[in-house]
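The figures here come from the full heavy-atom set of this structure, side chains too, leaving out hydrogens, waters and symmetry mates.
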Amino acid sequence: MIKSVFIASTEPNSGKSIISIGLVNMLLGKAQKIGFYKPIIGQKPVDKKENHIDTILTYFDLKMAYEDTYAFTWEESMRQMETEQQGEMIGTIIKKFKNLEEKYDFTVVEGTDYLGEGVAFEFEINVQIAKNLQAPVIIVLSGEAKTNTQIIDAALSAVRNFEAREIQVLALVINRVAVESIDEIRDQLAKQLPHQVLTSFIPEDIGLQSPTMQEICEKLNGRLLFGQENLSKPVDHFVTGAMQVPNFLNYLKENVLIVTPGDRGDIIISALQANLSNSYPKVAGIVLTAGCLPEEPIMRLIKGLPTVLPIIAVETGTFQTSNILGAIRSKITAQNTKKIQLAIDVFKKYVNVAELDKQIVTFKPSGITPRMFQYQLTEWAKKKKKRIVLPEGNDERILKAAARLINEQIVDITVLGKSEEILALIKKLNITLDLTKIKIVDPAQSEDFERYVNQLYELRKNKNVTLEMAHDLVSDCSYFGTMMVYNGDADGMVSGAVHTTQHTIRPALQIIKTKPDTTLVSSIFFMCLPDRVSVFGDCAVNPNPTAEQLAEIAISSADSSKRFGIDPKIAMLSYSSGESGVGEEVDKVRQATNLVRINRPDLKVEGPIQYDAAVDPVIGKSKMPGSAVAGQASVFIFPDLNTGNNTYKAIQRETGALAIGPILQGLKKPVNDLSRGCTVDDIFNTVIITAIQSQEVYQPQPVLA
């Protein structure tokens, strides 16, 4: 069973609050702890809670802190967009959601209200949130003032837009639809929608749409003169009292609101009398316009009545007041329990609750988004805090990333370099960094320096390394950092922002060395594409691997992807798919694929296969029918470094994808390389991955004296 559902609309006033209330009520019959989450609310009310959140929490007595129920106001989210901090915004939304997921058996998530400008833009935000929360969607549309064709087109467009982003649609609810139109719309949608999408229709219900006199008073900014006890009365219609009384009485309907100037005593008295008469419908209330109050005798008459209608005075004129009334949309409030119960009854009556429950139980999320991936990485790293050494302490990007890592309490950091230079740079760049939580080590001045020199000499003397040479090598930041990892004084190292790949990897190969079951060090990149995370290997280390090496790279990459929550489906890439291609290079890939199948029969692997057949389901089915990998690959193994390096950079630049790596695999302890063009985010992510790698390493080697 899944633990969340996202309720989304594509327009304002869709009636999604009915679905939220009905769904929470349904789930409370199946689970003890239900959470409610609205990632982006409208404007934050002053001194009170957002109405719909308050209604859900109060009526169902959900034991939630109000602050946990939302992440941003719409205004705050727009500021994040304008400052290009959308990624951080999504990250915060995920973090708050994950906290709820841990506390509650099920969380109902509700999308935005479409009260601002830019419907398409707002729809995209909702799609991104649903995708990143890995929540299936219930789409709610309004059929109000739409033709059948317009309703059908809107429904198909909404479902297809979500499914195009690989977001499963559980149900489609069309609200406020004319009863006589339901059969035709249902038949047309049944022919064009996926069969698993549950479709429901809710007819117009005047009881749900009608505002109360309390809402009317608030929206008009009116002053209540009489009838406090009857403010819960619903208003189904309104009529302007500007004609003679006999004609006016003909326009009265059940639950009508009368709008009239305050000096029309005749209209006021006749309305009150009609409300008492069994011959006329009941009146909801009276609005007195133009800042004009009835004369004293009439006021005295009203005060003496046993039951008084709500009578409200406003400053606006009759015409303007009528326009405001026509635009009022009723809201379900915590105080209006009758309307909440009506919403629950409507949900039960028109939504196939049993089938929806079945859909929820059988749904399984697939794939992982880049932001969810990054969130998971951070949480994994925090669970078992590790110590990471950063040798290039004089680089401002390193220091900024270190500050962020420490501020978020993800890892402990040691930076290498001269203390006075690093502190001066921190001050110059105005970096917010708690200096009590970072360790700065100057290799030449370290108390461990001579011990590391002697160890390195013992390790490398059979390779013609003298004690003097060892002294010079340990003076180098990369060698000193590697010795820290070797000795267990640090759990992992990240370098390469300033130095070359070889400068980072060579000391690791010489000192830390490869795992017992691995013959070579290889690399992967986590390619964070807009809607998924893929693994690319090897794009940084091995120029022209043999078939045996290619198979080992594939197996290591599959194991790495598993470690980081990605289901490995391996595509062994080549310029040909299947058995059609010939040539030395395609034969190498074919042989490597067979070796993977022999050595690791538990892995799903396909090769040789072209990139388009590996990622596109239609092309994959056409070129390699029946393949468990074609069209859905998650791990891509390139035949050589030239192809891999160029491909990852092309995808990164052309799509804006985040490339995390290179991540080295095969070493006994983790050392990872950075690109010299790396950003602060690159360093941040690589350190986190290094920390996770260090949570599962081989036992420390004996330390040489």
Side-chain angles (χ1 to χ4, degrees), residues 5-23 36-45 49-56 69-82 86 89-90 93 97 108-133 135-147 150-165 167 169-177 200-202 204 208-209 211 215 219 324 326-333 343:
V5 165
F6 188 94
I7 300 174
S9 61
T10 62
E11 58 192 327
N13 305 308
S14 63
K16 61 181 169 59
S17 59
I18 299 170
I19 308 306
S20 297
I21 290 169
L23 190 60
F36 183 75
Y37 186 42
K38 193 169 181 178
I40 301 176
I41 63 174
Q43 295 304 313
K44 189 183 295 184
K49 298 174 182 177
E50 195 267 352
N51 175 70
H52 189 52
I53 294 176
D54 183 43
T55 300
I56 294 282
T69 61
Y70 72 97
F72 298 97
T73 65
W74 180 252
E75 184 179 352
E76 289 167 345
S77 67
M78 288 301 96
R79 281 202 299 269
Q80 295 270 358
M81 298 287 188
E82 290 168 2
Q86 183 173 344
M89 181 184 79
I90 296 294
I93 288 171
F97 171 75
V108 174
V109 186
E110 187 176 303
T112 61
D113 296 328
Y114 289 85
L115 299 179
E117 298 179 358
V119 170
F121 177 69
E122 193 162 344
F123 178 79
E124 180 62 24
I125 291 175
N126 284 283
V127 168
Q128 287 191 40
I129 293 173
K131 180 73 174 177
N132 278 284
L133 300 188
V137 171
I138 296 175
I139 301 173
V140 185
L141 303 177
S142 173
E144 186 179 18
K146 293 177 185 172
T147 65
Q150 288 172 329
I151 294 172
I152 293 166
D153 289 346
L156 293 174
S157 175
V159 173
R160 287 166 181 168
N161 275 318
F162 274 104
E163 293 196 332
R165 300 290 290 274
I167 302 169
V169 177
L170 289 182
L172 170 69
V173 180
I174 301 177
N175 194 23
R176 297 175 186 153
V177 61
S200 301
F201 299 86
I202 299 178
E204 286 187 284
L208 284 171
Q209 292 177 248
E215 289 178 277
K219 291 291 184 181
I324 296 172
I328 291 176
R329 296 282 183 167
S330 177
K331 290 183 178 180
I332 301 176
T333 64

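- A search for side chain to side chain donor-acceptor pair (under 3.5 Å) contacts involving N175 returns nothing, not counting sequence neighbours.
- Nearest approach of L141 to A155, heavy atoms of both residues: CD1-CA, 3.3 Å.
- Inter-residue side-chain proximity for W74 and I125 is flagged as met; some heavy-atom pair is nearer than 4.5 Å.
- Every residue meeting the salt bridge (charged side-chain N to carboxylate O under 4.0 Å, His left out) condition with K38, not counting sequence neighbours, appears here in chain and number order: E50, E110, D113.
- Atom CD1 of I41 is separated from atom OG1 of T69 by 7.0 Å, given to the nearest 0.5 angstrom.
- Taken to the nearest 0.5 Å, the CE atom of M89 stands 12.5 Å off from the CZ atom of R79.
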Inset, instruction - Before giving the answer on side chain to side chain contact (heavy atoms under 4.5 Å, CB included), spell out for I7 and V140 the whole-Å C-alpha distance, their side-chain angles and the decisive distance to 0.1 Å. - result: CA-CA 7 Å; I7 300 174; V140 185; 3.9 Å; yes
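- Two rings, from H52 and Y70, have their centers 6.0 Å or more apart.
- Judged by distance alone, with hydrogens and angles left aside, the side-chain atoms of S14 form no donor-acceptor pair with the main-chain N or O of T10 at under 3.5 Å.
- For the pair F97 and P39, the minimum side-chain heavy-atom distance is 4.5 Å or more.
- Residues passing the side chain to side chain donor-acceptor pair (under 3.5 Å) test with R165 are E124, sequence neighbours excluded.
- Residues Q150 and K146 approach most closely at OE1-CA, 3.3 Å, considering heavy atoms.
- Atom-to-atom distance recorded for I174:CD1 and I152:CD1 is 8.0 Å, nearest 0.5 angstrom.
- The side-chain heavy atoms of N161 and V127, taken from C-beta on, include no pair separated by under 4.5 Å.
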Legend entry - Steps toward side chain to side chain contact (heavy atoms under 4.5 Å, CB included) verdict (I90, I129): CA-CA 7 Å; I90 296 294; I129 293 173; 4.2 Å; yes
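- For the side chain to side chain donor-acceptor pair (under 3.5 Å) test, residues two or more places apart in sequence or in another chain that qualify with E144 are R329.
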Inset, instruction - Just do the side chain to side chain contact (heavy atoms under 4.5 Å, CB included) check on I93 and N132 with the steps written out, would you? - result: CA-CA 9 Å; I93 288 171; N132 278 284; over 6 Å; no
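- Annotation: the span from D54 atom CG to I56 atom CD1 amounts to 10.0 Å, rounded to 0.5 Å.
- Considering every non-hydrogen atom in both Y114 and S9, the closest pair reads OH-O, 2.9 Å.
- When side chains are defined from C-beta on, I139 counts as touching V159, because their heavy atoms get closer than 4.5 Å.
- Residues satisfying the ring pair (Phe, Tyr, Trp, His ring centres under 6.0 Å) test with F162, not counting sequence neighbours, are F123.
- Listed by chain and number, the residues in a side chain to side chain donor-acceptor pair (under 3.5 Å) with T112 are E122, N126 (sequence neighbours excluded).
- Minimum interatomic distance between G143 and I151 (heavy atoms only, all atoms of both residues): CA-CD1, 3.7 Å.
- G111 approaches F6 most closely through the heavy-atom pair CA-CZ, 3.6 Å.
- Between I53 and F36, the closest heavy-atom pair is CG1-CE2, 4.0 Å.
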